Amino acid sequence: MHPDLSVEISGLSLTTPLIAASGTFGYGTEYRDVVDYSALGAIVVKGLYLNPRPGCPPPRIWETPSGMLNAIGLQEIGVARFIEEKLPELRGLGPAILVNICGSTLEEYGELARILNDVEGVSGIEINISCPNVKEGGILFGCDPDLAARVTEIVRAGTRLPVIPKLSPNVTDIAAVARRVESAGADALSLINTIPAMAIDVETRRPRLANVVGGLSGPAIRPIAVRLVYQTAQAVKIPVIGMGGIATAADALEFIIAGARAVQIGTMNFVDPSVWSRTLAGLEDYCRRHRLSSISELTGTLRAEGAMPSGW
Amino acid sequence: MHPDLSVEISGLSLTTPLIAASGTFGYGTEYRDVVDYSALGAIVVKGLYLNPRPGCPPPRIWETPSGMLNAIGLQEIGVARFIEEKLPELRGLGPAILVNICGSTLEEYGELARILNDVEGVSGIEINISCPNVKEGGILFGCDPDLAARVTEIVRAGTRLPVIPKLSPNVTDIAAVARRVESAGADALSLINTIPAMAIDVETRRPRLANVVGGLSGPAIRPIAVRLVYQTAQAVKIPVIGMGGIATAADALEFIIAGARAVQIGTMNFVDPSVWSRTLAGLEDYCRRHRLSSISELTGTLRAEGAMPSGW
Amino acid sequence: MKRDERAVLVERRALSPDAQLLFFESPTLSTSFLPGQFTMLRAQGEGLLLRRPYSICSAEPDKSRFSLLVKVVGQGTRALAELPLGEDVYCLGPLGTFFQPPAEGRQAIIVAGGVGIAPFLCFCESLAQQGMIAQVLLGGRRAHDLYLKDDFLRLGMEVACATEDGSHGHRGVVTDLLPELLDRFERAQLYSCGPSGMLRRVAEMAAQRDVPHQVSIERRMGCGMGCCLGCVVFTRRPEEAEAEGEYRRACTEGPVFEAEEILWERDPYPL
Amino acid sequence: MKRDERAVLVERRALSPDAQLLFFESPTLSTSFLPGQFTMLRAQGEGLLLRRPYSICSAEPDKSRFSLLVKVVGQGTRALAELPLGEDVYCLGPLGTFFQPPAEGRQAIIVAGGVGIAPFLCFCESLAQQGMIAQVLLGGRRAHDLYLKDDFLRLGMEVACATEDGSHGHRGVVTDLLPELLDRFERAQLYSCGPSGMLRRVAEMAAQRDVPHQVSIERRMGCGMGCCLGCVVFTRRPEEAEAEGEYRRACTEGPVFEAEEILWERDPYPL
Ligand SMILES: Cc1cc2nc3c(=O)[nH]c(=O)nc-3n(C[C@H](O)[C@H](O)[C@H](O)COP(=O)(O)OP(=O)(O)OC[C@H]3O[C@@H](n4cnc5c(N)ncnc54)[C@H](O)[C@@H]3O)c2cc1C
Ligand SMILES: Cc1cc2nc3c(=O)[nH]c(=O)nc-3n(C[C@H](O)[C@H](O)[C@H](O)COP(=O)(O)OP(=O)(O)OC[C@H]3O[C@@H](n4cnc5c(N)ncnc54)[C@H](O)[C@@H]3O)c2cc1C
Ligand SMILES: Cc1cc2nc3c(=O)[nH]c(=O)nc-3n(C[C@H](O)[C@H](O)[C@H](O)COP(=O)(O)O)c2cc1C
Ligand SMILES: Cc1cc2nc3c(=O)[nH]c(=O)nc-3n(C[C@H](O)[C@H](O)[C@H](O)COP(=O)(O)O)c2cc1C
Ligand code: FES
Ligand code: FES
């Protein structure tokens with residue numbers, strides 16, 4: 001018997017638990033020649049604001065031990081051009097389409113939610129709350145539980161689509177933020193976004209990124225991401241989508257066992273576009289070996305009995 | 001001419017800017033056969049409480065991509081046995097001796113400071129504030145700026161030795177914590193302690209660490225640590241000691257250019273005990289090539305002009 | 001069509017103490033690319049995360065072979081240079097834009113430095129097949145950095161060289177040789193690839209004399225597929241208003257750009 | 001004295017599809033260790049961070065050679081198994097405690113399974129030099145897991161084997177063979193190394209019959225130098241009160257412990 005690899009996330013049915021992470025899969029069509037799209041349950045498109053944005057100057061990326069830094073500055077084409085130019089081609093490809101939205105103000109998030117609400121082919125909204133709030137000196141919405149909740153409320157009010165705030169790892173207490181956005185009406189949560197980090201060219205004494213600070217992604221951050229997913233899944237009742245450095249089925253399973261219903265893959269798709277089919281095959285094999293009729297049975301099944309987590 | 005590699009940290013003179021990180025160099029004598037101690041400016045000994053502690057059950061460590069997880073649970077012998085059994089041997093070895101202190105209560109930190117104040121051979125106190133506060137449900141002192149400041153005050157009141165709070169990376173705003181402990185009387189700051197993280201054996205569905213969550217160290221975290229040191233050094237006037245995944249002179253230089261006066265090495269000493277002499281030679285070579293008469297001239301000289309850090 | 005294709009290292013040829021030509025065999029890449037395009041790959045076990053971009057240097061389609069010119073500058077290039085014969089790598093490609101042959105009646109002038117020489121070997125192969133002879137200017141520090149000089153000569157190209165230490169050809173930078181050629185060929189088409197200082201100098205001369213100029217730009221690349229937006233170059237197309245322009249992707253809208261579209265002052269230190 | 005010493009791989013001998021004996025040459029390690037001690041190393045370019053612990057298996061001090069028995073279970077052991085001859089590794093050692101020879105009049109009985117066989121070859125070499133003959137019980141899944149059987153025989157040891165599939169010797173676990181030997185030798189000294197289930201079974205039998213038992217314990221290790229406290233085993237020494245005991249380091253107070261000091265129930269799943 002085939003194990004059931006489909007998952008359901010607050011009304012959103014996905015054929016597989018594998019989702020392309022925002023900002024790493026463009027507007028969804030770029031990898032058509034080399035990725036097996038039938039392995040993808042959904043695609044989250046590059047973060048969109050209301051209007052196009054130029055992004056940061058180069059250099060924008062740098063490789064670090066088992067990770068990569070990026071400071072793209074959310075270069076994007078604006079929601080209108082996305083709907084007009086990109087979405088039609090994307091709709092026919094199979095995976096569900098989730099739109100990652102960004103705002104400089106609370107109002108911008110609300111406006112984006114209303115615009116996307118009626119657009120054919122959009123299955124859900126992921127809210128990128130790791131954006132600077134221009135009205136409050138650039139503090140990231142996601143680093144303040146109140147602001148994170150208000151962004152969620154305003155998006156919730158603007159749309160009937162599933163609303164998925166994407167949490168920033170850069171907070172003292174992720175469970176507190178998770179609970180706040182859950183009460184504010186989130187249907188699910190996704191995490192983690194990249195971790196603020198930097199590198200320096202010591203010969204020139206310049207930062208490796210023109211923006212000085214960027215976001216760290218890739219296998220280096222996986223143990224941090226698994227911990228944050230575990231803490232979040234224990235704090236909320238809504239489904240959690242986990243990500244951070246997934247490269248293999250075993251990595252995806254770590255997130256699922258820690259509490260994720262589905263997972264996203266970003267950086268490792270750059271390294272190896274066969275990651276999707278390899279990972280899906282690995283999940284299927286695991287379900288068979290462990291006699292699971294559905295991958296969903298595995299969510300949150302960490303055997304932490306007897307363990308007494310304390311300081312270390 | 002020999003470049004001057006000695007550094008001065010709030011009255012503490014170190015022959016080199018390289019310091020052995022707490023918990024990775026035991027009580028200081030273990031590496032005598034294989035490490036060139038003349039390359040070390042100081043040794044921070046394993047975190048000490050007032051009384052001996054058994055530590056966590058095994059498994060206590062796990063390797064991750066370019067990193068390692070540990071949950072030792074602060075197994076240690078208590079300050080009295082340290083002074084009696086370990087310190088006499090350690091005193092003769094050359095590097096300055098810094099004691100890393102831990103407390104379950106505010107009072108315990110104060111008591112340790114008073115005890116160490118008069119002990120011959122102890123040159124300074126590093127305060128490990130990443131310890132659970134037993135009186136407040138186990139929250140780590142270091143994750144609450146108020147508590148971090150109160151720990152610093154109480155230690156400050158108990159000793160004339162230089163007081164160096166060691167900051168936890170697991171906070172939303174490190175600059176805020178840094179400024180609070182600076183006002184509370186810290187002479188210098190060290191950072192970063194390990195980042196909370198976990199890994200799972202998917203075949204058994206058990207955590208890789210008996211304690212479930214542990215601390216991530218090693219090269220994987222270096223870009224995060226450099227960023228935190230940069231933000232901290234810009235927020236305070238007191239000297240900063242940087243660490244996190246340093247493996248080479250270039251890595252140490254990143255921290256120094258980002259704002260550190262000295263650096264600590266932990267995990268990479270396990271991997272390669274020659275890291276000390278290699279790194280020191282590399283610093284000397286760098287000073288020569290860049291015509292620096294003293295390594296201290298390099299602290300905080302990142303050329304970030306023109307860069308406009310914003311979201312990414 | 002782009003593929004991620006297994007390629008086996010079948011031969012290597014040393015070019016200098018730190019550069020070599022590596023020959024790979026793979027099913028389709030040797031027949032599916034155009035000169036100027038590149039591929040992304042990493043050698044197994046090199047300990048790095050991201051793939052690295054390499055221009056396709058030459059191809060023997062009948063043998064399903066292509067070559068890459070690799071100069072060791074870091075861990076990824078070192079691992080490739082040390083890859084044992086018979087080992088395989090996965091090559092994602094062909095990627096990016098390519099050099100357009102010169103318009104009727106224009107003389108091709110190529111200015112190349114260092115590893116920037118790589119994409120021009122296959123380009124000259126295709127020019128030769130069409131009976132064209134390009135003027136090839138090669139630059140480097142020392143004589144041994146003038147990679148593939150003899151291969152260009154064998155294809156019938158006219159080659160002139162410059163070295164910084166004067167050990168071969170003109171002593172100085174390769175762009176010193178350009179004015180004379182531009183005087184000689186009134187209707188020229190310039191091509192360049194190499195260090196960014198060289199590219200900018202060529203672009204200035206081309207602009208002064210209003211000569212069309214295709215330039216291949218190097219950037220750090222994360223994906224090569226147009227998705228990470230890590231590889232951008234600030235460009236302004238003729239149809240875009242004065243103040244406008246945007247960051248375009250060297251892996252997708254490039255690496256070969258029309259030089260007049262590039263706003264060089266927007267990348268102070270791009271690598 | 002501990003050293004971090006360069007060792008060159010000079011020979012390899014396959015023992016089974018996934019195990020081999022690797023011979024290294026290095027200045028002092030072959031003459032400075034005692035049987036039961038280990039060394040920590042990593043093969044270059046294996047992509048791992050931490051070194052891995054390996055027991056020293058045998059030594060030829062006159063040739064400055066020692067051997068390690070390596071079974072492939074993951075990335076680190078695979079890299080070592082694939083290390084080309086002539087390559088070097090840095091070996092930190094000798095580390096840890098060692099097997100004490102049996103007290104006067106006691107018969108040495110060794111129970112070893114899998115890679116737990118490794119430390120006993122040099123131990124038996126030293127027993128043989130002192131004119132002693134140990135009873136060696138080897139266990140494994142199949143015949144080919146009974147590593148080094150012939151080497152023990154060549155040293156004059158008495159060897160008995162057990163395999164789970166019955167392909168060689170007794171069908172079953174190696175501890176099945178122990179009661180008979182303990183009946184035969186009233187004054188015995190037990191030694192064991194191998195899977196933790198086996199060690200616990202031997203320890204129970206030893207305790208029942210009050211036979212001294214030295215056991216070598218495997219733990220994940222971060223440093224091997226006593227500094228990370230990652231490798232601990234819960235032990236209670238005779239002088240410690242009933243309720244006491246503490247976590248001791250397998251790299252420093254071990255890997256060889258007196259079995260009676262180990263509180264097995266404090267490690268439900270130690271690796
Ligand atoms: C389209 C394109 C085609 C290329 N074709 C070739 C080719 O045919 N042959 C060849 O040898 N190289 C080529 N390069 C350059 C090559 O990709 C880099 O040299 C390589 O990525 C360096 O990898 P590394 O791991 O060895 O060095 P790293 O450790 O990544 O870096 C070492 C040093 O090289 C610099 N560097 C990093 N990336 C680049 C880059 N893209 N260009 C220049 N310097 C860089 C770094 O700043 C650092 O100082 C090409 C680059 C591009 C974008
Ligand atoms: C004192 C001592 C002596 C040893 N002597 C030998 C020897 O002579 N020959 C030999 O082949 N091996 C020996 N080992 C075991 C060896 O260290 C491990 O097999 C090795 O660390 C695995 O590394 P890896 O990178 O291949 O596997 P990893 O990728 O680290 O792990 C692969 C699997 O092996 C398990 N594993 C990890 N560490 C250990 C460990 N210490 N013991 C058992 N399983 C482990 C992991 O849980 C995992 O499931 C010894 C261990 C110790 C502590
Ligand atoms: C180049 C790049 C661009 C990204 N852009 C976005 C973005 O626009 N919106 C967003 O929410 N996350 C963005 N991310 C974060 C990823 O979606 C993901 O959260 C993160 O990279 C961790 O997953 P990974 O380790 O699998 O890449 C970006 C990541 C990278 C590497
Ligand atoms: C095994 C281990 C034990 C540690 N114990 C302590 C400790 O007792 N007190 C403390 O302040 N930090 C402790 N640390 C943290 C280190 O001192 C250091 O902050 C951290 O490991 C980052 O540096 P690194 O990447 O160079 O190891 C420990 C780290 C490791 C790996
Ligand atoms: S390399 Fe990723 S967009 Fe060009
Ligand atoms: S391995 Fe580090 S203390 Fe034993």
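Since the structure is predicted, the reported quantities are computational estimates derived from the model, not experimental observations. Labels below follow one simple rule: chain letters A, B, ... track the order of the sequence lines, proteins then strands, and each chain is numbered from 1.
- Within the 4.5 Å cutoff, the side chain of D:R51 has no heavy atoms near those of the B:F270 side chain.
- B:G26 approaches D:C227 most closely through the heavy-atom pair N-SG, 3.4 Å.
- Most heavy-atom pairs under 4.5 Å with chain B: of the set D:L92, D:V232, D:D4, this distinction falls to D:V232.
- In this structure, no portion of D:M40 lies under 4.5 Å from any heavy atom of chain B.
- Between B:R60 and D:G230, the shortest heavy-atom contact is CB-O, 3.9 Å.
- Panel note: side chain D:E246, backbone B:P54; no donor-acceptor pair is recorded below 3.5 Å.
- Contact count versus chain D (heavy atoms, under 4.5 Å) is highest, among B:G266, B:P273, B:S66, for B:P273.
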* Yes or no on side-chain contact (heavy atoms from CB on, under 4.5 Å) for B:R32 and D:M225, after CA distance, side-chain angles and deciding distance? -> CA-CA 10 Å; B:R32 215 168 11 184; D:M225 296 288 290; over 6 Å; no
* Going through the distances and angles, do D:C223 and B:Y31 end up as a side-chain contact (heavy atoms from CB on, under 4.5 Å)? -> CA-CA 10 Å; D:C223 68; B:Y31 273 95; 3.5 Å; yes
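- Note: D:G222 leads D:C231, D:G226, D:G222 in heavy-atom pairs under 4.5 Å with chain B.
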* **side-chain contact (heavy atoms from CB on, under 4.5 Å) evaluation trace for D:T252 with B:E30** => CA-CA 10 Å; D:T252 303; B:E30 291 85 342; over 6 Å; no
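- Counting heavy atoms from C-beta outward, B:K46 and D:L229 have side chains that approach closer than 4.5 Å.
- Within a 6.0 Å radius of CZ in D:R141, no more than 12 heavy atoms belonging to other residues, nucleotides or ligands are found.
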